[in-house]
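Lettering of chains follows the sequences in order, A, B, ..., and the numbering in each one begins at 1.
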Amino acid sequence: MAKLPPYTTTGQKIWHYTFRFLTGLVFLFLITPILIIIPLSFNHEPYFTFTSGMLHLDPEAYSLRWYRDIFANGMVNPDATGAEWWSDMWNNAQWIRATKNSFIIGFWATLLATGFGTLAAIGLSRSEMPFKGAIMSLLISPMIVPLVVTAAGMFYFYSNDFNPFVEGKQALAGSKLGVILAHAALGTPFVIITVTSTLVGFDKSLTRASANMGAGPLRTFFKVQMPLILPGVISGGLFAFITSFDEVVAVLFLAGPEDKTIPRQMWSGIREQISPTILAVATILVAISIVLLATLEMLRRRSERLRGLSPS
Amino acid sequence: MSDDTHTGPVLAADGTPLKKKLAQALFVSRARAFALVAPLLLFIVISFMVPIISLMIQGVKNDTFSRNMPLTTAVLADWDTTTPPDESMYAALVGDLIQARKDKTIGQVATRVNRELSGTRSMFTKTARKAAKLSPPYAAALQDIDEDWGDMAVWQAMKVASLKYSPAFYAAALDMEYKADGSFERLPERDRIYVYLFIKTILIAATVTLATLVLGYPVAWLLASLPARQSNLLMILVLLPFWTSLLVRTTAWIAMLQAHGVLNNLFVWIGLTDDDHRFSLIYNMTGTIIAMTHILLPFMILPLYSVMKGIPPSYLRAAKSLGATNWTAFWRVYFPGTIPGIGAGGLLVFILAIGYYITPALVGGQDGQMISNFIAYHMQKSLNWSLAAALGGILLMIVLIFYWLYDKIVGIDNMKMG
């Protein structure tokens, strides 16, 4: 903590410490709910609260049963052993299936969002781009339009038969593809924002120099521009992935019963049978977000180093 | 300048005027930039804009009645809504009812009319069952089955339902009734739901915005004024919730706030309340506001922080050395500089808060529900898609006004993440 200069009056000192105390409370407000679920997920009892045993740090009161339950939930025979248990877990456990769905949907949505988004961001940051403002506000709008309106609109629209050449009704609603398209649309604003902000510091003379030395536009893009904006692209992609990974409204409206994702599974967990399994899943997700946060911070520093800014 | 006889435009190497050549080059580079944006633009228009617009159209268009009851629709179009219906209209109705029963669409039709005048549903299904055996005069025969067929209100409700395009659902979304003669009438007091709900939604969003501002401002200030090493560490405390799943944070608040949750147990333990009088902090509006404030707080802190970072600390020192008190220095020098950040954070939080669905649905209980929850309800449960579309249209309009404000005040280009 910075030392107070010697000339501060008592009033200023009191104010200084009160201010620190109050902001400390806000930080507590921010972080406590997230930290509190970690010990609660090791609860031996099926409650969402600390038992007296837990408060006395009695090892009996803690257990991994809810973590085992993540796997056991939905399995045909959770007591089997060896290969049988593994294949049963991989194919039938509800949370495992949800995880697979989350990753499949997240992967394709991120790929679409990052691909389209990066190209668009490069176009948008060119000074000669026509109707820049209008197009930019249109492309950012998936982020601000209420999710319910987006999801309801897509549900309504995707319920139509989109492929009249195939026998039977082919609707996008109730399929993974519908959710992927929705999540891709929701993820693009983040890609555009992060990539354009990387491009702000991009030195245009580099592309001119490369063209001057005889490189074509594609070669210039992949050899000169891409390596420099890559940190922005990756963090944009991470944002898009997280958006998809965390999104539940579009899944509620568009996914079929077989396409439940992790948040969707948590949603029904909270609504129907509230059990500490959700807390165990939540703890794992918190751990994942810590890893992601660290990755992003590393990328940010790398990007600043590459662009010759001093890391802050 | 050897050739001073040449007075025409400056020419490029291939003989075309330089101006034209420049225009061509500019056009090509514009087209190139646009070509880069085009794939995404096309994708967003098709997969995002078109669905929303088609839903909005559903808010004014409803052809359930006109599609399934063509004869009645035709005669209703010529009807002046005040003279009692004549025999030909009854005949048309019977014809349509027989057909609708055969097509199994009578249920949809009955539901549609029931939305205009409740209590008419069974009248339709009951009459349709017997319609095939009826004989003229139909007016008497129908009124024999249900005397309400002679009621003008029923026919007026059918007239409204028969309009393919009508403002009936937008009117309903604003607690008004669209009458057959084209006028609007406010619903009786006890039936008004949605205007109150919109106001409540706006109030919740405003409360959350204010709460995030009050909590976020000092935090952002502290982060901006501490040396980089310490502020980076504290920043993690802001970013970790930001990166944590919405569902996880909502679950965490359930664990914190419920009747036997962490906070209530703590309150009982320190003697703030006793075991029988635990505070109800969740499954009501309090729960919604607390959880939403927590979830949206980083969206306020981050823009505030980036604006405060740009205000040199020497300003405050200068103000103080010129004789300003702490308060004056803050209020007259520092605070005006942070207004862009307040605008950016406040508008962002408000826009996000007003469309919230998940958190109110999970921790809102009865009175903590917001407009989004009713849109989802009409979309998934009551299947009144037109009303959902109208409610969504109004919500979207409110959001777009604030989005426009955000663009004017902050500029979309200045939006930053993380």
Side chain, backbone, both or neither of [X] within contact of chain A (heavy atoms, under 4.5 Å):
X	answer
B/Ile301	side chain
B/Leu297	side chain
B/Ala255	both
B/Ala389	neither
B/Leu352	side chain
B/Leu347	neither
B/Leu263	neither
B/Met49	side chain
B/Phe48	both
B/Ile44	side chain

Between [options], which residue shows the highest count of heavy-atom pairs closer than 4.5 Å to chain B?
options	result
A/Thr150, A/Ile192, A/Thr283	A/Thr150
A/Ser137, A/Pro130, A/Pro263	A/Ser137
A/Ile37, A/Leu292, A/Ile242, A/Val286	A/Ile242
A/Ala152, A/Ser127, A/Gly117, A/Gly269	A/Ala152
A/Leu119, A/Leu112, A/Leu252	A/Leu119
A/Leu279, A/Leu285, A/Ile270	A/Ile270

Engaged part of [X] at the chain B interface, taking heavy atoms whose separation is under 4.5 Å:
X	value
A/Ala184	both
A/Tyr158	side chain
A/Thr188	side chain
A/Leu181	both
A/Leu40	side chain
A/Phe19	side chain
A/Trp15	neither
A/Phe253	both
A/Leu296	side chain

Exercise for the section: Determine, stepwise, if the pair A/Thr261 / A/Val248 fulfils side-chain contact (heavy atoms from CB on, under 4.5 Å). Expected result: CA-CA 8 Å; A/Thr261 58; A/Val248 56; 5.9 Å; no
Atom of [X], atom of [Y] and distance for their closest heavy-atom approach:
X	Y	result
A/Ser125	A/Lys204	O-NZ, 4.1 Å
B/Gly355	B/Ser372	O-OG, 3.0 Å
A/Met129	A/Gly123	CB-O, 3.6 Å
B/Val363	B/Thr250	CG1-CG2, 3.7 Å

Practice task
Any chance you could lay out the ring pair (Phe, Tyr, Trp, His ring centres under 6.0 Å) test for B/Tyr283 and B/Trp253, step after step, and finish with the verdict?
Solution key: CA-CA 11 Å; B/Tyr283 306 123; B/Trp253 277 111; over 10 Å; no
Practice task
Just say parallel, tilted or perpendicular for the rings of B/Phe374 and B/His378, cut-offs at 30° and 60°.
Solution key: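 Tilted: the ring planes of B/Phe374 and B/His378 meet at 30° to 60°.
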Practice task
Please state whether the rings of A/Phe190 and A/Phe239 are parallel, tilted or perpendicular, taking 30° and 60° as the class boundaries.
Solution key: parallel
Completion exercise
Per side chain to side chain contact (heavy atoms under 4.5 Å, CB included), B/Pro51 is matched among A/Tyr156, A/Phe155, A/Phe157 by A/Phe157
Exercise for the section: Please say which of B/Leu40, B/Leu36, B/Val37 ends up in a side chain to side chain contact (heavy atoms under 4.5 Å, CB included) with A/Leu124. Expected result: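 When side chain to side chain contact (heavy atoms under 4.5 Å, CB included) is applied between A/Leu124 and each of B/Leu40, B/Leu36, B/Val37, only B/Val37 qualifies.
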Handout entry: Whether A/Thr23 side chain and B/Val219 backbone form a donor-acceptor pair below 3.5 Å
Key = no
Problem - Backbone N/O of B/Met370 and side chain of B/Thr201: donor-acceptor pair under 3.5 Å - result: no
Practice task
Give the member of B/Leu396, B/Asn373, B/Ile358, B/Leu391 that has the highest number of heavy-atom pairs under 4.5 Å with chain A.
Solution key: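 It is B/Ile358.
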